[in-house]
Amino acid sequence: MYRVSHATQQNMLRGVLLIVIDCLRADHVSAYGYGRNTTPTIDSLAEKGILWEQAHSVSSWTKPSVTSMLTGVYPSQHGAFEGIKRSKGRSIVTTDRLQSSQSTLAEEFSRNGWRCGAFINNAQLGEFTRLNRGFSSYAPSAGKADRLIGIFLEWLEADTHTPFFAYLHFLEAHWPYKPRRRHVKMFGGNRDTNYFRDFSARDYGKLRRAISQGAASLSQEQLQQMIQMYDGAVRRLDGKLKIILAMLNELGLRDQTAIIVTADHGEEFLDHGRIGHGQSLYNELTHVPLIMSLPDDAHGFESVGPIRDRNTVSLVNLPCTILGMAGIESAIPGRDLRAPSETQELTLGELRVGWRYQQTATRSGWKLHRGYRFKPPNGKLSRDISPRRLVEECPYDVSYELYNVHGDPSERDNQADDPQRQSVLRELEGDLDRWWGEVSRATPLSREVTPSAPDQFDGDVEIDSTVVQRLHDLGYID
């Protein structure tokens with residue numbers, strides 16, 4: 001056991017580097033026990049740092065997950081739930097975004113004199129999301145790993161004296177998986193004969209939709225070849241992270257920089273009958289790595305050596321944790337993950353896709369899924385209101401799934417209809433209802449009651465054609 005040492009909060013920390021690897025599921029990271037050596041560089045950070053064995057994202061795709069990661073609040077509060085929506089004539093494309101009332105991690109750093117930069121390869125995170133607030137440099141189209149790292153290091157070298165917060169978001173573990181031959185061979189495969197060798201992102205997108213509709217399937221051999229490509233892509237990216245560590249050493253910043261490695265969500269490989277992400281809140285899509293490598297004087301613990309925290313934790317607490325290690329007081333909610341909770345923490349998840357809305361609540365080894373399918377009367381009810389109001393104003397069907405995730409981490413044995421588990425189900429449903437009521441009545445930062453927030457969101461923003469094309473190229477839209 002360990003505890004935060006308050007004497008270390010005022011430290012000489014000069015940098016915080018948040019590395020987010022898109023689509024990286026925890027059980028494909030070798031430090032988490034995966035049988036393949038996919039992440040030796042990340043593992044080396046864990047060997048001297050802190051690894052959370054059960055860290056979970058708040059959703060299963062990028063925009064809601066990252067927005068929570070940078071604000072400390074859930075999608076029901078920050079309002080960035082959905083993908084793009086086309087107008088009836090399909091000429092205008094819109095999406096939801098971070099609410100103007102929210103404060104971001106970068107804004108908190110900037111207010112305290114820190115230099116903030118974001119270097120991102122994901123079309124879902126353009127400036128239209130408002131996530132650029134607080135960043136003096138925000139590059140949502142920084143490109144593949146080599147280019148992204150180069151842009152980041154150029155920015156870093158321009159001022160090595162001002163303390164910095166940098167957010168790097170890599171897309172290499174996202175389809176289309178493009179490892180080198182040696183990386184596929186490392187895991188027993190042959191890239192030249194792999195079924196997915198020439199698959200584009202659009203090919204993966206089409207396959208994902210076909211499998212979801214029951215119009216296509218994968219053989220076991222094809223599935224294993226897809227996983228080999230994914231694991232190879234992860235290994236290739238892991239090697240790129242060495243460049244970052246080496247440059248921090250060259251600049252004399254490595255021993256004064258906190259490095260956090262995590263993911264926005266995982267990836268499904270037919271675990272529950274589908275591929276890709278964004279379709280559910282099962283563990284393969286929400287269980288992500290979370291590893292922190294902290295300078296000695298910023299460690300914040302009365303403990304020596306590597307730490308493995310077995311408690312279930314949420315990435316919604318990252319802003320509070322990061323600001324805490326920098327010695328910055330902030331109104332952003334959450335708790336510092338470096339101090340283990342004395343009680344079994346309630347971990348929550350949300351996913352909204354069109355007229356479907358899913359929630360999860362996990363506590364004491366049990367996980368409840370509650371799903372709503374809304375049936376708007378004559379299509380007259382706007383989707384631009386909170387799911388809470390939809391429940392109050394719109395007819396719906398509701399479904400439940402209940403899993404003992406300690407004994408059944410793959411979530412195969414649904415016990416929602418077991419008479420002996422009804423008390424567990426009702427207790428977790430009560431947790432969900434209490435939380436949902438609280439966030440529907442209160443502003444996220446002040447917790448003061450405001451009748452309009454956040455039931456009525458700011459409204460959608462129009463996306464320009466360049467972003468639409470990038471999403472099309474990634475296989476997200478037809």
Side-chain angles (χ1 to χ4, degrees), residues 15-20 22 57-59 61-84 94-142 148 151-152 155-156 158-159 162-169 260 262 264 315-324 326 328-334 384 439 443-447 450 453-454 456-464 466-467:
V16 175
L17 178 58
L18 173 61
I19 297 174
V20 177
D22 211 296
S57 59
V58 305
S59 195
W61 71 284
T62 299
K63 188 172 70 173
S65 298
V66 170
T67 305
S68 290
M69 206 184 301
L70 296 180
T71 62
V73 296
Y74 288 93
S76 279
Q77 297 163 282
H78 62 58
F81 275 103
E82 297 189 86
I84 67 171
T94 62
T95 191
D96 54 20
R97 56 185 169 169
L98 173 65
Q99 299 305 286
S100 56
S101 60
Q102 298 292 342
S103 183
T104 70
L105 178 57
E107 286 178 311
E108 296 299 308
F109 270 117
S110 294
R111 291 186 190 109
N112 285 272
W114 287 56
R115 182 171 172 246
C116 299
F119 309 92
I120 299 165
N121 183 19
N122 194 308
Q124 304 280 9
L125 301 175
E127 293 184 352
F128 60 87
T129 61
R130 290 177 172 158
L131 289 176
N132 60 317
R133 295 197 332 235
F135 288 105
S136 58
S137 180
Y138 191 83
S141 303
L148 188 154
I151 294 172
F152 160 61
W155 173 84
L156 189 61
D159 180 359
T162 305
F164 73 90
F165 166 62
Y167 158 43
L168 276 56
H169 191 116
I260 302 103
T262 188
D264 51 352
L315 295 191
V316 77
N317 290 308
L318 264 185
C320 180
T321 305
I322 291 172
L323 292 169
I328 295 174
E329 294 186 2
S330 167
I332 286 182
D384 298 330
V439 301
T443 58
L445 298 187
S446 69
R447 299 295 180 189
T450 55
Q456 187 68 50
F457 296 145
D458 283 356
D460 290 350
V461 60
E462 186 175 345
I463 302 176
D464 66 51
T466 303
V467 175

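It should be emphasised that the depicted structure is a prediction, and the values quoted were computed from it without experimental measurement.
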ask   = Can you check side-chain contact (heavy atoms from CB on, under 4.5 Å) on Gln124 and Trp61, steps first, answer last?
value = CA-CA 10 Å; Gln124 304 280 9; Trp61 71 284; 3.6 Å; yes
query = Between His169 and Asp22, does any side-chain donor sit less than 3.5 Å from a side-chain acceptor?
reply = yes
message = Using modelled atom types and a 3.5 Å cut-off, is there a donor and acceptor pairing between side-chain atoms of Thr67 and backbone atoms of Pro64?
response = no
query = Partners of Ser68 by side-chain hydrogen bond (donor to acceptor under 3.5 Å, both in side chains), sequence neighbours excluded?
reply = His78
ask   = Can we say Asp264 and Lys63 salt-bridge, meaning some charged N sits less than 4.0 Å from an Asp/Glu carboxylate O?
value = no
ask   = Between Phe119 and Leu148, which heavy-atom pair has the shortest distance, and what is it?
value = O-CD1, 3.4 Å
query = Which distance, rounded to the nearest 0.5 Å, do you find between the CG of Leu125 and the OH of Tyr138?
reply = 5.0 Å
Side chains of Val58 and Pro75 in contact at under 4.5 Å (non-hydrogen atoms) = yes
ask   = Between the side chain of Ser136 and the main-chain N/O of Cys116, is any donor-acceptor distance below 3.5 Å?
value = yes
ask   = Do Thr262 and Leu18 have side-chain heavy atoms sitting under 4.5 Å apart?
value = yes
Any residue meeting salt bridge (Lys or Arg N to Asp or Glu O under 4.0 Å) with Arg115, in chain and number order, not counting sequence neighbours = none
task = May I ask you to decide if Glu82's main-chain N or O and Thr95's side chain share a donor-acceptor pair within less than 3.5 Å?
result = yes
ask   = With no hydrogens and no angle check, is any side-chain donor or acceptor of Arg97 less than 3.5 Å from a backbone partner on Phe128?
value = no
request  = Search all heavy atoms of Phe109 against all heavy atoms of Ala326 and return the closest pair with its distance.
outcome  = CE2-CB, 3.8 Å
key: Interatomic distance, Leu315 atom CG to Ser57 atom OG [nearest 0.5 angstrom]   = 6.0 Å
Gap separating the CG atom of Asn112 from the CD atom of Glu329, nearest 0.5 angstrom = 9.5 Å
inquiry  = Less than 4.5 Å apart, side chain to side chain, heavy atoms only: is that true for Leu70 and Tyr167?
reply    = yes
task = Determine yes or no for a side-chain-to-main-chain donor-acceptor pair under 3.5 angstrom, with Gln102 supplying the side chain and Gln99 the backbone.
result = no
key: Asn317 side, atom CG; Thr321 side, atom OG1 - distance, nearest 0.5 Å   = 6.0 Å
key: Side-chain (Thr104) to main-chain (Thr71) donor-acceptor, under 3.5 angstrom   = no
query = Taking the side chain as C-beta and beyond, is there a heavy-atom pair between Asn121 and Ser141 under 4.5 Å?
reply = no
query = Heavy atoms, side chains only, cut-off 4.5 Å: are Tyr74 and Val316 in contact?
reply = yes
key: Qualifying residues under side chain to side chain contact (heavy atoms under 4.5 Å, CB included), relative to Ala166, sequence neighbours excluded   = Leu17, Phe152, Trp155, Phe164, Leu168
message = For a side-chain contact (heavy atoms from CB on, under 4.5 Å) check, start with the C-alpha distance between Arg130 and Val461, then their side-chain angles and the critical distance, and finish with the verdict.
response = CA-CA 10 Å; Arg130 290 177 172 158; Val461 60; over 6 Å; no
query = Hey, does Pro319 have a side-chain heavy atom less than 4.5 Å from the side chain of Glu108?
reply = no
request  = Please confirm whether the backbone N or O of Phe81 pairs with a side-chain atom of Asp96, one donor and one acceptor, at under 3.5 Å?
outcome  = yes
ask   = Is there side-chain contact between Ile260 and Val16, with at least one heavy-atom pair below 4.5 Å?
value = yes
remark   = When rounded to the nearest 0.5 Å, the distance separating OG1 of Thr62 from CD1 of Ile120 is 10.5 Å
message = Could you measure the distance from the CZ atom of Arg133 to the OG atom of Ser110? Nearest 0.5 Å is fine.
response = 11.5 Å
